[in-house]
2 protein chains.
Amino acid sequence: MTIEQATGRARGIDRVIAILDYLHQRRGPVRIADIARDTGTPRSTIYEIVNRLVDAHWLEPRDGDGTVFFGPAMHFYGSAYLEGGDRIRAARGEVKRLVEQTGETAQYCTLEGDKYTVVLNEPGSRTFRISSDVGVKVPIPWTASGRLLVDHLALEEVKAFIPPDDFVLPDGRVTAPEDFVAEVARAKSAGYARTTGLVDRFTTCLAAPVRDVGGRCVATICLVVPADTGEDDLAAMIEALRASGRRLSLA
Amino acid sequence: MTIEQATGRARGIDRVIAILDYLHQRRGPVRIADIARDTGTPRSTIYEIVNRLVDAHWLEPRDGDGTVFFGPAMHFYGSAYLEGGDRIRAARGEVKRLVEQTGETAQYCTLEGDKYTVVLNEPGSRTFRISSDVGVKVPIPWTASGRLLVDHLALEEVKAFIPPDDFVLPDGRVTAPEDFVAEVARAKSAGYARTTGLVDRFTTCLAAPVRDVGGRCVATICLVVPADTGEDDLAAMIEALRASGRRLSLA
DNA sequence: TCGGAATGTCCGATATTTCGGACTGTGTTC
DNA sequence: GAACACAGTCCGAAATATCGGACATTCCGA
């Protein structure tokens with residue numbers, strides 16, 4: 001594991017690679033001094049590098065004592081590897097197709113840590129477009145998609161996973177976790193989620209699940225439409241969404 | 001995203017952080033020239049760094065054309081973050097307990113990519129110990145644990161996931177994927193897996209699943225015992241294993 | 001067939017990062 | 001309460017990694 005080089009001097013990148021590899025071997029929080037010893041890195045260098053990695057959320061301090069372990073960024077990168085970019089590629093096509101079919105704004109969304117986030121956004125053809133920025137993180141209970149993305153969790157797990165503050169909607173109303181879980185269950189059995197007036201009063205969100213081979217909802221594809229859209233139109237959109245969701249679930 | 005600094009010179013670590021962050025944003029294979037442009041990195045530097053990262057399996061070349069994306073190492077680090085080290089900590093205790101109870105070698109195992117790997121190994125108290133090195137990667141069909149670790153996959157998925165060569169046992173015998181999947185199904189419903197004479201003729205392996213909140217088998221806890229162990233003893237061991245597995249599934 | 005753009009390699013100079021070691025502060029043991 | 005191990009910071013010197021730019025190749029479309 002120790003980095004070997006004629007002079008004993010090593011470059012930062014190699015140090016970083018050795019550090020993460022070492023954490024992976026240990027499989028649990030590690031004291032900085034241990035990293036230094038076992039990777040053969042000078043103490044002053046280790047502190048310099050570890051601090052930089054903590055800033056970037058590649059590592060995070062753990063347990064209050066001076067130990068560190070992998071941070072959330074590693075999880076994001078790891079999921080991206082698993083997706084392989086193939087599903088996103090396919091999702092781009094589906095999102096475009098939905099916009100053409102419906103004229104409304106379509107999005108592809110996933111969980112990023114304990115938040116919901118828009119990965120793809122294709123604005124509709126309306127004069128006054130409803131759309132949102134990609135990459136922005138939003139509390140799970142604020143969205144229709146959120147009701148699908150946690151449908152593998154039981155009540156207690158939902159309470160542990162979603163920060164309590166996130167159950168407070170933008171207008172101050174509070175959703176009880178129990179009610180939320182009931183909506184999640186309904187969405188799961190219906191095969192889609194529908195919400196109106198959650199983030200603002202004038203929009204309805206429709207979402208369908210994208211599931212991995214294990215049946216876990218790993219993403220959603222959704223439409224953002226005006227709240228006064230007719231039921232017949234909504235029904236047609238829901239069918240289109242579910243079809244897209246099924247296609248994406250295969251890749 | 002561009003790294004800002006007075007002189008325009010930046011250190012390697014910061015470049016690496018910017019590169020991975022950029023790949024994460026793009027969510028799919030990216031040409032090296034794009035990375036250079038969008039992160040504001042000189043071309044010569046990018047090639048130097050990307051090659052180093054490819055060597056470390058942090059990135060991997062994709063699609064034959066000159067694009068790269070996240071590599072398997074990111075997945076390993078990401079899963080380690082999710083586990084948080086807590087389950088491993090608990091597993092250490094369970095493995096020790098099993099050795100005390102049974103006197104046999106106990107192990108804690110997971111999937112690492114498309115291979116089975118021993119994460120913890122605690123040798124038993126026999127004079128002639130049966131044990132294996134931690135970190136070594138073994139084909140999934142060679143092990144009892146492997147039959148549990150893929151129990152969320154259908155036949156076609158198993159064929160796609162496990163390399164064909166891995167169905168060849170050390171002694172040259174070949175397992176048909178169909179037979180393997182049947183054994184997987186049996187292990188799943190039984191709640192444990194048992195194999196004899198797979199890796200060598202004189203050992204029996206017993207394994208119980210450790211499942212995450214979604215019911216997915218994320219690890220196994222297992223015992224390696226002589227093939228001539230009595231059925232009564234085996235039954236007792238299986239019960240002990242399943243109890244450990246259930247406890248670990250909670251964390 | 002030619003011209004231009006895109007990809008990848010190589011090299012020398014120098015701005016920078018690494019490293020050793022000294023220093024402070026904190027907790028633990030006898 | 002003294003001795004010691006451990007955690008973290010700071011600094012100057014020097015080894016070297018980064019950078020710009022030149023060069024080689026390949027791939028296109030005109």
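So that the names make sense, note that chain A is the first sequence line, chain B the second, and so on, each numbered from 1.
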**OP:** Would you kindly give the CD1-to-P distance between B/Ile49 and C/dT9, to the nearest whole Å?
**Re:** 14 Å
Original post:
Hey, is NE2 on B/His24 packed in by over 12 heavy atoms from elsewhere, all under 6.0 Å?
Top reply: yes
Original post:
5'-most contact on DNA chain D: A/Gly66 or B/Ile46, nearest heavy atom basis?
Top reply: A/Gly66
**OP:** Rounded to the nearest angstrom, tell me the gap between atom CZ in A/Arg37 and atom C1' in D/dA7.
**Re:** 14 Å
Original post:
Are the side chain of B/Asn51 and the backbone N or O of B/Tyr47 linked by a donor-acceptor pair below 3.5 Å?
Top reply: yes
**OP:** Rounded to the nearest angstrom, tell me the gap between atom CG in B/Asp65 and atom P in D/dT26.
**Re:** 17 Å
**OP:** Report the end-to-end axis angle of the helix from C/dT1-D/dA30 to C/dC30-D/dG1; each axis comes from five terminal pairs, and the value is rounded to 10°.
**Re:** 40°
Original post:
Among D/dC10, C/dT18, C/dG8, which nucleotide sits nearest the side chain of B/Ile32?
Top reply: C/dG8
Original post:
Does a side-chain N or O from B/Thr45 land closer than 4.0 Å to OP1 or OP2 of D/dC19, or not?
Top reply: yes
Original post:
Nearest of C/dT17, D/dG20, D/dC10 to any side-chain atom of B/Arg11?
Top reply: C/dT17
Original post:
Rounded to whole angstroms, how far apart are CD1 on A/Ile35 and P on D/dC6?
Top reply: 16 Å
**OP:** Before accepting this row, confirm whether a basic side-chain N of the pair B/Glu94/B/Arg97 lies closer than 4.0 Å to the acidic partner's carboxylate O.
**Re:** yes
Original post:
Atom CG of B/Asp34 to atom P of C/dA5: distance rounded to whole Å?
Top reply: 17 Å
**OP:** Please determine if a side-chain N or O atom of A/Arg43 lies less than 4.0 Å away from the OP1 or OP2 oxygen of C/dG21.
**Re:** no
Original post:
Can you tell which of C/dC19, D/dC19, D/dA7 lies closest to the side chain of A/Ala33?
Top reply: D/dA7
Subject >> Proximal nucleotide (of D/dC19, D/dT9, C/dT9) relative to the B/Asn51 side chain >> reply: C/dT9
**OP:** State which residues pass side chain to side chain contact (heavy atoms under 4.5 Å, CB included) with A/Leu82; sequence neighbours excluded, sorted by chain then number.
**Re:** B/His75
Subject >> For atom CD1 of A/Ile19 and atom C1' of C/dT18, their distance in whole Å >> reply: 13 Å
Original post:
Where the side chain of A/Arg15 meets the backbone of A/Ile49, is there a donor-acceptor pair that is under 3.5 Å apart?
Top reply: no
Original post:
Are A/Thr39 and A/Thr41 close enough, and set up right, to give a side-chain hydrogen bond (donor to acceptor under 3.5 Å, both in side chains), and what steps lead you there?
Top reply: CA-CA 6 Å; A/Thr39 63; A/Thr41 308; 2.7 Å; yes
Subject >> Expected output: side-chain A/Trp142 to main-chain A/Val168 donor-acceptor under 3.5 Å >> reply: yes
Subject >> Interatomic distance, B/Arg52 CZ vs C/dG8 P [rounded to whole Å] >> reply: 19 Å
Subject >> Selection from C/dT7, D/dA7, D/dG20 that lies nearest to any side-chain heavy atom of A/Arg31 >> reply: D/dA7
Original post:
Is the shortest side-chain N/O distance from B/Tyr47 to OP1 or OP2 of C/dG8 below 4.0 Å?
Top reply: yes
**OP:** Please state how far atom CG in B/Asp14 lies from atom P in D/dA17, giving the value in whole angstrom units.
**Re:** 16 Å
